[in-house]
Amino acid sequence: MTYHPKSDFMHVMMTRGYLADCTDYQGLDEALMSGVVTAYIGYDATAQSLHVGHLLNIMMLRWLQKTGHRPITLMGGGTTKVGDPSFRSDERPLLGPEQIDANIDGMKQVFAKYLTYGDGKSDALMLNNAEWLDGLNYLDFLRDIGKHFSVNRMLAFESVKSRLDREQSLSFLEFNYMILQAYDFLELNRRYGCVLQMGGSDQWGNIINGIDLTRRVLDQEIFGLTSPLLTTSDGRKMGKSQGGAMWLNADMLAPYEFWQFWRNSTDADVGRFLKLYTEMPLDECNRLGALAGAEINEAKIILANEVTTLCHGADAAAAAEATAREVFEKGGVGDDLPTLELSSEEVADGISIVQLIVRAGLAKSGKEAKRLIAENGARIDDAPLTDAGLMLDRAALSSPVKLSAGRKRHALVRVAG
RNA sequence: GGGGAGUUGGCAGAGCGGUCAAAUGCGGCGGACUGUAAAUCCGUUGGGGCAACCCACCUAGGUUCGAAUCCUAGACUCCCCA
């Protein structure tokens, strides 16, 4: 299937590695050639922030806009009340409406950095499917929409089938998710002329359902396009690292740590990540990704700078780089390191080093902090820490102190005032 | 409504009266080697506390010198039948 696309958007998707599958390459390509195409990606409001795993799709929307088309970011205010069962082994806990709204607010902040919203032809739209899902009347919905779905067929979708095969129960509530998502696509087509849904390849089944439904109800031919589910080249899921999710909101993950995440990419991923997560020219991505040995470290820094600039701005990227150079190349201290601020009352009676390590985020529990010390992994101002019972008083903290866990993780502790 | 199975550490999954904080694997963390890489090797890995020590195998009681393991009640999950 070596289709040669004529449209800019398809060309970018194919050459930069965003494309896993498409329902109709030629049809979509032609639609993109003949005018402004409106496309959407849906986001479930299951967390307070988007994370690196979402970034791929956000970049797709950004390219869509750059190539002259109109992106829609659809918040799943309604569908999140149901929960997407696709390829999940267990049911997610149901979220309450307040939580969902709060999550949507958190997620919206990020989109504005990548997309231009407004009323122009290719300005992005921010929508929430609660708008049409919340008010649905059950019987009407069953008669108008439900009649188009075959349970036999729904059961055959891989996303559902795998769950049933493993004898894991699937509640009726979750089973309805794909119908609601299909309905979203139909509504978006009706209201905004949206003709393309994009998503990760785990969304293939859901997307197909929307296309079928729209064909049956409106007799409209629309398209679906999926991106590969990314794993790092050592086989881990994208976006999980050091145990925690790589959030895109600055208040949940400091830009410095975001920068570090990219800086620590595996060699084999660098070229691919440059293509997917930055807008650098392809040749340059290939050249940088092909650097061998220690040289590729410079490419990793470029990658970190580019991605951080998009997400947090050029200043944040520069600050992160400066701190990283200071800390790793000179063994010093940078302003951008994660910092724990203590009030003077807190240190009045002294504070244990174990507490400091935990509160600075270098260990998850006191036990872990002690273990770190016992394993000679902890340092204070670069001096090895040997005494887990060490107490620090106000004098010891009169100037900021650098704590380190292992070679890579550092934090500052200072007393306010 | 009836019958059965289950609930163990971040996850998977052993254990079925003492030697169990609990095998093993994954994941995590630290170290060596390097390039803030990968692979490999070594170590470590429930929680609270400065400590002594305390809490811990769904919850609440109980039996025992002694319980993750036995009994009773409850909560939740799954399967089969109606």
Side-chain angles (χ1 to χ4, degrees), chain A residues 88-94 163-171 173-174 231-237 239-245 256-274 288-305 308 320-332 334 336-337 346-347 349-379 382 384-393 396 403-411:
Chain A
R88 290 186 58 92
S89 56
D90 47 6
E91 190 166 349
R92 311 181 186 203
L94 289 176
R163 175 100 163 241
L164 296 178
D165 285 348
R166 278 175 292 158
E167 301 195 333
Q168 282 152 342
S169 85
L170 177 70
S171 71
L173 175 75
E174 291 175 282
T231 52
T232 55
S233 40
D234 41 327
R236 287 192 261 276
K237 226 182 217 157
K240 300 274 176 176
S241 171
Q242 293 150 20
Y256 169 77
E257 302 199 66
F258 183 78
W259 192 93
Q260 278 294 314
F261 170 78
W262 296 99
R263 170 61 185 82
N264 283 311
S265 295
T266 303
D267 287 7
D269 288 330
V270 173
R272 196 162 50 115
F273 284 2
L274 283 166
L288 289 169
L291 291 176
E295 285 195 335
I296 201 164
N297 283 334
E298 284 309 309
K300 290 182 187 181
I301 290 171
I302 293 171
L303 171 68
N305 280 336
T308 306
E321 183 187 353
T323 289
R325 289 208 190 266
E326 185 62 35
V327 171
F328 287 97
E329 292 173 19
K330 300 187 191 134
D336 219 22
L337 284 178
E346 287 178 284
V347 286
D349 302 323
I351 184 162
S352 73
I353 189 65
V354 168
Q355 275 302 306
L356 285 181
I357 291 173
V358 172
R359 293 193 46 194
L362 297 176
K364 289 195 203 77
S365 67
K367 289 280 188 215
E368 198 174 297
K370 274 186 253 184
R371 212 176 290 138
L372 195 64
I373 293 168
E375 291 171 333
N376 296 317
R379 275 162 293 131
D382 295 313
L385 254 172
T386 48
D387 176 15
L390 182 66
M391 298 291 289
L392 296 182
D393 56 19
L403 294 178
S404 310
R407 297 184 161 247
K408 287 200 214 168
R409 297 153 60 224
H410 308 276

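Just so we're on the same page: letters track the sequence lines, and every chain starts at 1. All figures in this text were calculated on a predicted structure; none of them were measured in a lab.
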Novice: Does the structure show a Watson-Crick or G-U wobble partner for B/A32, both distances under 3.5 Å? Name it, or say none.
Specialist: B/U40
Novice: Does the A/E368 side chain pair with the main chain of A/K364, one donor and one acceptor, at a distance under 3.5 Å?
Specialist: yes
Novice: Now, which nucleotide makes the Watson-Crick or G-U wobble pair with B/U59, with each of the two distances under 3.5 Å?
Specialist: B/A73
Novice: For nucleotides B/C54 and B/G43, find the distance between their C1' atoms and express it as a whole number of Å.
Specialist: 28 Å
Novice: Taking N and O atoms by type only, does the side chain of A/K408 place a donor or acceptor under 3.5 Å from a partner on the base of B/G30?
Specialist: no
Novice: Quick one: CG on A/L288 to CD1 on A/I301, what's the gap to the nearest 0.5 Å?
Specialist: 11.5 Å
Novice: Using the C1' atoms only, state how far B/G15 lies from B/C70, rounded to an integer number of Å.
Specialist: 15 Å
Novice: Taking the same atom, P, in B/A82 and in B/G13, what whole-Å distance lies between them?
Specialist: 30 Å
Novice: Do any side-chain nitrogens or oxygens of A/K370 fall under 4.0 Å of OP1 or OP2 in B/A51?
Specialist: yes
Novice: Rounded to whole Å, how long is the line connecting atom CZ of A/R407 with atom P of B/C29?
Specialist: 15 Å
Novice: Counting the atoms with a prime plus P, OP1 and OP2 as sugar-phosphate, which does A/G350 contact under 4.0 Å by heavy atoms, base, sugar-phosphate, or nothing?
Specialist: nothing
Novice: So which one's nearest nucleotide on RNA chain B is more toward 5', A/S352 or A/L372?
Specialist: A/L372
Novice: Please report the distance, rounded to the nearest Å, between CG in A/L291 and P in B/A38.
Specialist: 18 Å
Novice: Is A/R371 close enough to B/G46 that one of its side-chain N or O atoms is under 4.0 Å from OP1 or OP2 there?
Specialist: no
Novice: Given B/G48, is OP1 or OP2 found less than 4.0 Å from the side-chain N or O atoms of A/Q355?
Specialist: no
Novice: Who is the Watson-Crick or G-U wobble partner of B/A12, with both distances under 3.5 Å?
Specialist: B/U24
Novice: Report yes if at least one side-chain N or O of A/T266 is closer than 4.0 Å to OP1 or OP2 of B/A37; otherwise report no.
Specialist: no
Novice: Side chain of A/R379, backbone of A/S404: donor and acceptor closer than 3.5 Å?
Specialist: no
Novice: Would you say the base of B/G31 and the side-chain of A/E375 have a donor-acceptor pair closer than 3.5 Å?
Specialist: no
Novice: Expressed as a whole number of Å, how far does the C1' atom of B/G10 sit from that of B/G46?
Specialist: 10 Å
Novice: Spell out yes or no: do the side chain of A/K364 and the base of B/G28 have one donor N/O and one acceptor N/O closer than 3.5 Å?
Specialist: no
Novice: Strictly distance-based, threshold 3.5 Å: is any side-chain N or O of A/K300 a donor or acceptor partner for the main-chain N or O of A/V270?
Specialist: no
Novice: Atom CZ of A/F328 and atom C1' of B/U34: how far apart are they, to the nearest Å?
Specialist: 15 Å
Novice: Walk me through whether A/F328 and A/H410 qualify under ring-ring contact (aromatic ring centres under 6.0 Å, His included).
Specialist: CA-CA 10 Å; A/F328 287 97; A/H410 308 276; 5.7 Å; yes
Novice: Counting the atoms with a prime plus P, OP1 and OP2 as sugar-phosphate, which does A/A324 contact under 4.0 Å by heavy atoms, base, sugar-phosphate, or nothing?
Specialist: base
Novice: Between A/E368 (CD) and B/G47 (P), how many Å, whole number?
Specialist: 7 Å
Novice: Distance check, P atoms only: B/G27 and B/A38, in whole angstrom units.
Specialist: 13 Å
Novice: Students often get this wrong, so: under 4.0 angstrom with heavy atoms, is A/L390 touching a base, only sugar-phosphate, or nothing?
Specialist: nothing
Novice: Specify the closest pair of heavy atoms between A/A405 and A/L362, including all atoms of both residues, with the distance to one decimal.
Specialist: CB-CB, 4.0 Å
Novice: B/U36, B/G35, B/C50: which one has an atom nearest the side-chain heavy atoms of A/N297?
Specialist: B/G35
Novice: Can you tell me the pairing partner of B/G66 across any strand shown, Watson-Crick or G-U wobble, with both distances under 3.5 angstrom?
Specialist: none
Novice: Would you measure the distance from the P atom in B/A14 across to the matching atom in B/U64 and give it in whole Å?
Specialist: 32 Å
Novice: With no hydrogens and no angle check, is any side-chain donor or acceptor of A/T266 less than 3.5 Å from a backbone partner on A/D269?
Specialist: no
Novice: On the nucleotide B/A37, are OP1 or OP2 found under 4.0 Å from the side-chain N or O atoms that A/S265 carries?
Specialist: no
Novice: Starting at the 5' end of RNA chain B and moving along, which residue's nearest nucleotide shows up first, A/R379 or A/D267?
Specialist: A/R379
Novice: Expressed in angstrom and rounded to an integer, what is the separation of A/L385 atom CG from B/G30 atom C1'?
Specialist: 14 Å
Novice: Please give, in whole Å, the distance from B/U44 P to A/K367 NZ?
Specialist: 16 Å
Novice: Without decimals, in angstroms, what is the distance between A/L362 CG and B/G28 P?
Specialist: 18 Å
Novice: Has A/R409 got a side-chain N or O lying under 4.0 Å from the OP1 or OP2 atom of B/C29?
Specialist: no
Novice: Suppose we define a pair by two distances each less than 3.5 Å, Watson-Crick or G-U wobble; what does B/C78 pair with here?
Specialist: B/G4
Novice: Without decimals, in angstroms, what is the distance between A/N376 CG and B/A32 P?
Specialist: 10 Å
Novice: Between B/U34 and B/A23, how far apart are the C1' atoms? Round to whole Å, please.
Specialist: 35 Å
Novice: Short question: side chain of A/S265, backbone of A/W262 - any donor-acceptor pair under 3.5 Å?
Specialist: yes
Novice: Taking the C1' atom of each, how far is B/A12 from B/C57, in whole Å?
Specialist: 16 Å
